[in-house]
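Notes to accompany the following structure.
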Amino acid sequence: MLERLQRKLGLQTIPGVFFTSAGVATLFVLLAIPFDEAVAAIFGVLTGWVAQNLGWFYILSVTSLLLFLLGLAVSRYGSIRLGADDSRPDYSNLTWFTMLFAAGIGTILMFWGVAEPVSHFANPPFEGVVAGSERAASDAMTIALYHFGLHTWTIFAMPGLAIAYFAYRHQLPMRISSLFYPLLGDRIYGPLGWTVDVIAVLGTLFGVATSLGLGTLQLNSGLTYLFGIPSTGWIQVLLIAVITSIAATSVALGLDKGVRRLSQVNIVMALLLVVFVLVVGPTVFIAEGMVQSIGDYFDALPWLAFWTQTYAESGWQRQWTLFYWAWTITWAPYVGIFIARISRGRTIREFVAGVLFAPTVFTLVWFGVFGLSAINVEMNGQVALYEQVQQDPSVAIFAFLEAFPLAEIASLLSIIIIVIFFTTSSDSASLVIDMLTRREDQPSLVRQRIFWAAAQGVIAATLLLAGGLDALQNVITSLGLPFCVLLIFMAVSLFRALNADHRGYSVSELVQGRVFPEVEGKAVPKEEGQNVP
């Protein structure tokens, strides 16, 4: 029946994945609009249960994956290329980095670059720390870097590495289900594999929709600040419609003409904003603070990576860390596939070093400039930042810029950056979802990519109307759990395949039980009835 519907609509898809994903998303929208309060309440209860009972699982999983990736990079597997042994990278390091940044957490940094450090500075999460103190300032920067540094990029790097490895080295389809070929074999092409891809599609839809929702809140605040446009739900829906239309145009142009050019333009504009604040702000304070923040971050990382608020439960970790991890995890399928598409030819060591550390360095610079400057503004009483952030986090960067000259010009530049981040996130996600919902031998149809871009906008608008920031946080914290489990199995599958690859076997031989055990470092024939290691 689904195949007949596909032919009638003229689509090129895997019917079970496309129509199931589209149907679940449509059902959510149809229920959330008339029953917004009930839906918000259900996800609120579900989020509370996840945070209370499985918060530790999120914390342990992400930290374990970070250690796993670092271990791969320094191990004997680090020299394996994501492609043939003689392949080389498709993009220069600079182009690769700009695309990583724009498709990853550009929107998030714009939203939280000022809001998070100020929040933790004025309301410290650790017991016994005095608000507004030197310790509070140091802790605020450390926590911000923890949330947006190595751990965030671990969540993106894990599926990115696995997808690139299986797609370019073993010619499997560039879908999340392919990562489980060493565990499932040819069943990835049936209902079991389709289920994995549906989870990935839904995670991407809701994860990107959350980011679009946050970006819209911030954009509305900027337009209110500059032009007096009211901040209302229907204005935000209109903004989503306008920018989704821009994203649909970009996604129709494809990866090289659309996403790459927008990414390059946006990174230049973001750097201009960073340089502006660095020059007109407390330059020496920023430089000193960034140096100290590096030490504070790496000093606190070993215990902070395993901190679960066991002895002083306040709800802080649910609101901040668990939300971030779940949010990032829902992004992981889309960003992972996007990173994989631009990473062919690199070694595993290059991939892990680039994806983990290059964006983390930029995050350090971003929070060093905006976070430290915001803390300085709050300390000197130039602007009541914390009060405004408490009322509406989306206004943080615009309230912050009021403390500097040329505030209106800087705010306008910020709005343009937000719009482009918004666009690159949406159009790259649409490209990825289209890949997840069709076979590799089927052409990518423009109307299918536009459909997914529109779906993200509709879901974002629905979540905003159903409860704003709280609804965004609750839905994501709940929906991130299934894919968090998939990430763990993904690591196991990748390790099995790398071990076979290093010993000269293909993935298909691994699945068929033809990979022989090692005796003193040498492969020996498997005897009849012997279990595969």
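As the structure is a computational prediction, the values presented were derived from the model and not from experiment. Note that these values count all heavy atoms, side chains included, but never hydrogens, waters or copies made by symmetry.
Judged by the 6.0 Å and 45° rule, Arg344 forms a cation-pi pair with Tyr168.
Ring geometry for Trp307 against Trp303 counts as perpendicular: the plane angle is over 60°, on a 0 to 90° scale with 30° as the lower cut. Trp331 and Phe156 have tilted rings, their planes meeting at an angle from 30° to 60° on a 0 to 90° scale.
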Dump the intermediate steps for side-chain contact (heavy atoms from CB on, under 4.5 Å) on Trp96 and Ser343, then the final yes or no. CA-CA 8 Å; Trp96 186 50; Ser343 300; 3.0 Å; yes
Step by step, would you call Phe28 with Leu202 a side-chain contact (heavy atoms from CB on, under 4.5 Å)? CA-CA 11 Å; Phe28 172 82; Leu202 293 176; over 6 Å; no
Stepwise, does the side-chain contact (heavy atoms from CB on, under 4.5 Å) test hold for Phe18 with Ile14? CA-CA 6 Å; Phe18 181 92; Ile14 302 172; over 6 Å; no
Dump the intermediate steps for side-chain contact (heavy atoms from CB on, under 4.5 Å) on Arg169 and Asp85, then the final yes or no. CA-CA 9 Å; Arg169 195 154 182 96; Asp85 290 335; 2.9 Å; yes
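Checked against Tyr146 for a ring-ring contact (aromatic ring centres under 6.0 Å, His included), the options Tyr297, Trp325, Trp320, Phe306 give a single hit: Trp325.
In this structure, Leu183 and Arg496 have side chains that are in contact, with non-hydrogen atoms separated by less than 4.5 Å. Contact annotation: the side chain of Met158 approaches that of Leu69 to within less than 4.5 Å [non-hydrogen atoms, C-beta and beyond]. In this structure, Phe166 and Leu494 have side chains that are in contact, with non-hydrogen atoms separated by less than 4.5 Å. Inter-residue side-chain proximity for Arg438 and Leu445 is flagged as unmet; no heavy-atom pair is nearer than 4.5 Å. Here the side chains of Val355 and Leu161 are not in contact, with every heavy-atom distance at 4.5 Å or above. Between Glu440 and Leu172, every side-chain heavy-atom pair lies at or beyond the 4.5 Å cut-off. Taking 4.5 Å as the limit, some side-chain heavy atom of Asn499 sits within range of a side-chain heavy atom of Arg76. At a threshold of 4.5 Å between non-hydrogen side-chain atoms, the residues Thr321 and Tyr58 do not count as touching.
Judged by distance alone, with hydrogens and angles left aside, the side-chain atoms of Thr437 form a donor-acceptor pair with the main-chain N or O of Asp434 at under 3.5 Å. A donor-acceptor distance shorter than 3.5 angstrom exists from the side chain of Thr330 to the backbone of Trp327, with no hydrogens or angles considered. Remark: side-chain polar atoms of Asp501 are not paired, donor with acceptor, to backbone N or O of Ala497 under 3.5 angstrom. A donor-acceptor pair is defined here as one N or O able to donate and one able to accept, closer than 3.5 Å; no such pair exists between the side chain of Gln456 and the backbone of Val208. The backbone N or O of Leu212 sits less than 3.5 Å from a side-chain atom of Thr216, completing a donor-acceptor pair. Using modelled atom types, no side-chain atom of Trp153 and backbone atom of Pro359 make a donor-acceptor pair closer than 3.5 Å. At distances below 3.5 Å, not a single donor-acceptor pair connects side-chain atoms of Gln218 with backbone N or O atoms of Ile418. A donor-acceptor pair under 3.5 Å is formed between the side chain of Gln448 and the backbone N or O of Gln12. Proximity of a side-chain donor or acceptor of Thr363 to a complementary backbone N or O of Gly149 within less than 3.5 Å is not detected.
Within a 6.0 Å sphere centred on CZ of Arg4, other residues, nucleotides and ligands contribute 12 heavy atoms or fewer. Annotation for Gln442: atom CD counts as buried by contact number, over 12 foreign heavy atoms lying within 6.0 Å.
Here the closest heavy-atom approach between residue Ala162 and residue Met490 is recorded as CB-CG, 4.0 Å. The minimum heavy-atom distance linking Ala340 with Gly160 is given by the pair CB-O, 3.6 Å.
A donor-acceptor contact under 3.5 angstrom links the side chains of Thr13 and Gln6, judged on distance only. Looking at Glu116 and Tyr324, their side chains do bring a donor and an acceptor atom within 3.5 Å of each other. Side-chain contact check for Thr152 and His147: no donor-acceptor pair (N or O, by modelled atom type) lies under 3.5 Å.
With respect to the salt-bridge test (charged N to carboxylate O, under 4.0 angstrom), the residues Arg346 and Asp90 do not qualify.
Ring pair Phe351/Tyr165: centre-to-centre distance not below 6.0 Å.
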